Amino acid sequence: MLDLLYKRRSIRKYASEKLDVDTVQLLLGAALLSPSSRGFQPWQFVAVDDPEVLTQLASCKKGAGFLKDAALGIVILADPEKSDVWIEDASIAATILHLTSASLGLGSCWIQIRERQFSESETAEQNIRRILGIPENLKVTSIISIGYPDEFKSPHVEGDLGFDKVHLNKYGSKF
Ligand SMILES: Cc1cc2nc3c(=O)[nH]c(=O)nc-3n(C[C@H](O)[C@H](O)[C@H](O)COP(=O)(O)O)c2cc1C
């Protein structure tokens, strides 16, 4: 796990190779294993592997363009009626997907949707809702883009960790 945490990076360049069905199934299974508050599991997932749909989604906000070249985009939805902490639950599922991708040798990146704009008059969420036909009761929180990596990023190194953000017993007391 620690090795994985150091190696995990946000990968935004993907090879053209597709993911096989078993790999997609593994990824979605991992997301469905995510812990959630009181086990309410307020999330749902839309797995998108159609290049045309990925290209449409890639325009949902600035800085999501790389999604068009991904083999897979997993759109994370959550139902606020099912849990008051749906944001946390959806974020955990997104993190699990990001880490599982890295563990399988895949590159992935979190694309933030909640609180982001498509245009002045339309949110990224509304835009995606329209493209994918998502019902109004479900929030769109993020998309995880996934594919075989076409860029290498150096792993994190222990010396760069921000231990100044960690306090011992009392705020301001150095760890
Ligand atoms: C909540 C959250 C939202 C993010 N949103 C985006 C995004 O919209 N687009 C993007 O390219 N990267 C996004 N990222 C990836 C971060 O930019 C990235 O994790 C950060 O720069 C650290 O780099 P690393 O993941 O390679 O360690 C997001 C990450 C998180 C956790």
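Each ligand, and each atom within it, is numbered from 1 in the order the structure gives. When reading the values below, keep in mind they use all heavy atoms of this one structure, side chains included, and skip hydrogens, waters and symmetry mates. On a predicted model such as this, the values are computed, not experimentally measured, just so you know.
Hydrophobic clustering (ILVMFWY, side-chain heavy atoms < 4.5 Å, transitive): L19 and V21 are in distinct clusters. Under a hydrophobic-cluster definition in which Ile, Leu, Val, Met, Phe, Trp and Tyr are linked whenever side-chain heavy atoms come within less than 4.5 Å, directly or via other members, I74 and L57 are assigned to different clusters.
Residues E122 and R129 have side chains not in contact (no heavy-atom distance under 4.5 Å, counting atoms from C-beta outward).
Judged purely by atom type and a 3.5 angstrom limit, S108 has no side-chain atom pairing as donor or acceptor with the backbone of I144. Listed for the E151 side chain is a donor-acceptor partner under 3.5 Å among the backbone atoms of R12.
In the hydrophobic clustering, where aliphatic and aromatic side chains (Ile, Leu, Val, Met, Phe, Trp, Tyr) are joined below 4.5 Å either directly or transitively, M1 groups with L2, L4, L5, L99.
Listed by chain and number, residues touching ligand 1 at under 4.0 Å (heavy atoms only) are R8, R9, S10, R12, K61, G63, F66, C109, W110, I111, Q112, H156.
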